[in-house]
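Treat the numbers as computed from the prediction; the structure is a model and nothing was measured.
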Amino acid sequence: MELIRQSDFLLDPRKQEDLRRFAEGMTREQLLWSSGYLTGFGESAPASKIQGGTGEKITILFGTETGNAKRLAELLAARAQAMGVQSSIQDMLTYGRAQLRRDRVIVLIVSTHGDGEPPDSARALLASLTDGPAPDLHGSRFAILALGDASYPRFCQAGKAFDMALASAGAERLLPRVDCDVDYEEDATSWMEQVLGALTTGKSSPAVPLPAPILKQGYSSHATFPAVLLSKVNLSGRGSDREVWHLELDIDGSGLHYTPGDIVSVIPSNPPQLVEELLDRLELDHKASVRTRRGEVPLAEALAAHYEITRITWPFLERYARLSDAKALQSAIAGRDVNSLDTWIDGREVVDIVGQYPVKGLSAQSFADCLRALPPRRYSIASSLLAAPGEVHLTVAAVRYSSHGRERLGVASTFLADRVAIGRPVPLFIESNAEFRLPEDSGQAMIMIGAGTGVAPFRSFLQEREALGAAGNNWLFFGDRHFSTDFLYQREWLRWLRDGRLTRLDVAFSRDQERKIYVQDRLRERAGDVFAWLEEGAAVYVCGAEAMGRAVHQSLVDIVQSAGRTQVQAEEYILELKQTGRYHRDVY
């Protein structure tokens with residue numbers, strides 16, 4: 001720690017704490033390498049310029065929903081500094097057409113949200129390239145790193161849209177676009193080397209590894225912490241058609257820290273019965289050795305703990321179709337018939353593909369090469385370290401359903417609900433979620449909108465504010481199916497309401513009356529008061545399913561419009577909330 005001195009740079013106390021957490025567990029080499037990051041790029045670094053010696057300046061743009069693209073942009077800027085490349089970082093939300101025409105080398109890191117949607121912060125910039133005449137970008141060069149989830153048919157669609165739009169406007173590609181699945185670190189590292197190499201010597205840059213503590217405080221999907229399960233309570237009442245669990249895990253002594261709003265990523269194992277059925281259908285030796293990212297293991301172990309065998313991804317379909325004699329499957333893949341294939345895939349798993357389209361003479365390695373690595377499952381943290389020191393709490397809905405004549409199980413949710421006993425370890429790591437933070441001003445009011453397990457981070461918010469004695473008012477909108485069985489953490493909300501920590505509470509139980517009522521409906525019913533809170537400076541937080549997030553967003557626009565603004569003015573009002581850090585969404 002002697003390498004990092006406060007006198008080296010100016011940081012407010014909150015950023016000093018972020019820095020301390022960042023540095024814990026780092027090696028001397030990582031600290032030395034990352035010093036450029038630490039002195040130049042804090043969590044809120046806006047367009048910070050780096051001076052270098054190549055004469056080549058790059059503008060690094062990020063479009064993010066959860067913060068991954070932003071963190072990678074900051075890492076790229078740090079690498080650029082180390083190589084003497086001048087650069088600046090900017091959020092796509094605040095980047096306009098005029099800058100696009102002026103900047104000559106543009107590097108974009110953009111996520112895709114849901115099935116093909118750009119993050120909110122990237123919509124305006126993408127529209128400026130695709131709606132109406134595009135700016136003339138001849139003479140400009142660009143590179144794109146696209147983040148996405150291959151289980152969606154429109155994998156990395158936002159990155160693809162930017163790639164096509166920039167090329168159509170006349171810009172030249174520095175190198176081909178790279179599309180990253182959820183386990184993106186290796187691909188991102190390689191892409192950074194290629195970008196900086198193209199801007200300097202034309203060769204790949206020195207292989208400087210991504211320092212894991214920047215992203216995950218020393219732990220990652222390749223090096224998890226075994227957090228022991230301390231407690232597991234079913235929050236759902238008797239008769240509920242859902243099963244929601246509250247889990248408490250021991251992280252004492254791990255060095256792990258988190259802030260309310262952060263994410264726990266769990267590395268599950270696949271359901272044993274599904275692994276057995278898949279092995280039987282493949283007719284392969286369970287002990288056959290296969291190469292994985294973590295070395296050679298028996299096929300049964302690989303399918304249990306290393307590979308995704310539930311969600312069917314497009315890359316899996318493409319690879320498996322090449323091995324298969326099934327003309328219908330090959331034809332559908334070749335034609336990229338997204339809509340019909342997406343409909344067919346819905347509710348099916350890898351075992352269904354193998355059963356319907358068997359491949360004669362398939363080797364264990366050939367099949368494993370079709371699969372993607374088993375990705376972490378991400379859960380919003382439902383606790384504050386101030387209220388539960390040495391622990392992290394999760395709110396997990398167990399996924400169980402029937403489709404196509406088979407019972408289906410959510411991988412991580414049933415791993416946690418069924419297969420991890422009290423006292424047993426859960427492999428996990430913590431990811432920062434910088435886009436979903438409590439207001440820095442503890443006196444600022446908050447409007448929190450959550451449905452189902454999306455209420456989890458708001459429990460952590462109120463625990464934190466209670467522990468700090470924060471003065472800010474807090475208003476919670478919570479929605480689920482039934483009051484009697486699905487009012488998650490009911491006692492805690494009512495206690496906070498009695499104590500005055502929770503200023504207002506509005507609930508929407510959709511199936512307790514003939515007409516379904518959702519949180520977005522409650523917002524509209526309270527339009528006058530919601531707008532008054534916004535006018536007085538309240539921050540808005542939304543957490544839950546993507547469809548709910550879209551509906552809540554429209555309700556907020558409608559609320560502002562009902563206060564006398566035009567639709568355009570209302571949309572600009574909500575955009576300004578986002579630009580000024582008063583509108584935060586964590587939707588999935």
Quiz item: Between Val396 and Val244, is any pair of side-chain heavy atoms under 4.5 Å apart?
Solution: no

Quiz item: Stepwise, does the side chain to side chain donor-acceptor pair (under 3.5 Å) test hold for Glu193 with Thr189?
Solution: CA-CA 6 Å; Glu193 294 170 5; Thr189 300; over 6 Å; no

Self-check item: Heavy-atom side-chain proximity of Leu476 to Val455 below 4.5 angstrom
Solution: yes

Quiz prompt | Arg293 bridged to Asp183 by N-O distance under 4.0 Å | solution = yes

Quiz item: Nearest heavy-atom pair of Tyr307 and Asn270: which atoms, and what distance?
Solution: O-ND2, 2.8 Å

Quiz item: Are Glu117 and Arg123 ion-paired here, with the side-chain N under 4.0 Å from a carboxylate O?
Solution: yes

Self-check item: Arg522 NZ/CZ over Phe477 ring centroid, <6.0 Å and within 45° of normal
Solution: no

Quiz item: Arg104 versus Lys57: any side-chain heavy-atom pair under 4.5 Å?
Solution: no

Quiz item: Should Asp241 and Arg481 count as an ion pair when the cut-off is N to O under 4.0 Å?
Solution: yes

Quiz prompt | Closest contact, heavy atoms only, Ser380 versus Leu394 | solution = O-CD2, 4.2 Å

Self-check item: Pair Glu535 + Arg582, salt bridge at N-O below 4.0 Å
Solution: no

Quiz item: Can Glu65 and Arg585 be counted as an ion pair, charged N to O under 4.0 angstrom?
Solution: yes

Exercise. Please say whether more than 12 non-hydrogen atoms of neighbouring residues, nucleotides or ligands are located less than 6.0 Å from CD in Glu576.
Key: no

Quiz item: Side chains of Arg511 and Lys516: does their closest heavy-atom pair fall under 4.5 Å?
Solution: yes

Self-check item: Parallel, tilted or perpendicular: rings of Tyr541 and Phe436 (30°, 60°)
Solution: perpendicular

Quiz prompt | Pairwise side-chain contact, Ile263 with Tyr379, heavy-atom cut-off 4.5 Å (strictly under) | solution = no

Exercise. State plainly whether the residues Arg322 and Glu318 are in salt-bridge range, i.e. N to O under 4.0 Å.
Key: no

Quiz item: Hey, do the aromatic rings of Tyr489 and Phe458 have their centres closer than 6.0 Å?
Solution: no

Quiz item: Between Ser403 and Arg408, is a side chain to side chain donor-acceptor pair (under 3.5 Å) present by the stated rule, with each step listed?
Solution: CA-CA 7 Å; Ser403 65; Arg408 314 287 178 169; 3.0 Å; yes

Quiz item: So, Arg524 and Asp558, do they make that salt bridge, N to O below 4.0 Å?
Solution: yes

Quiz item: Would you call the rings of Tyr320 and Phe316 parallel, tilted or perpendicular if under 30° counts as parallel and over 60° as perpendicular?
Solution: parallel

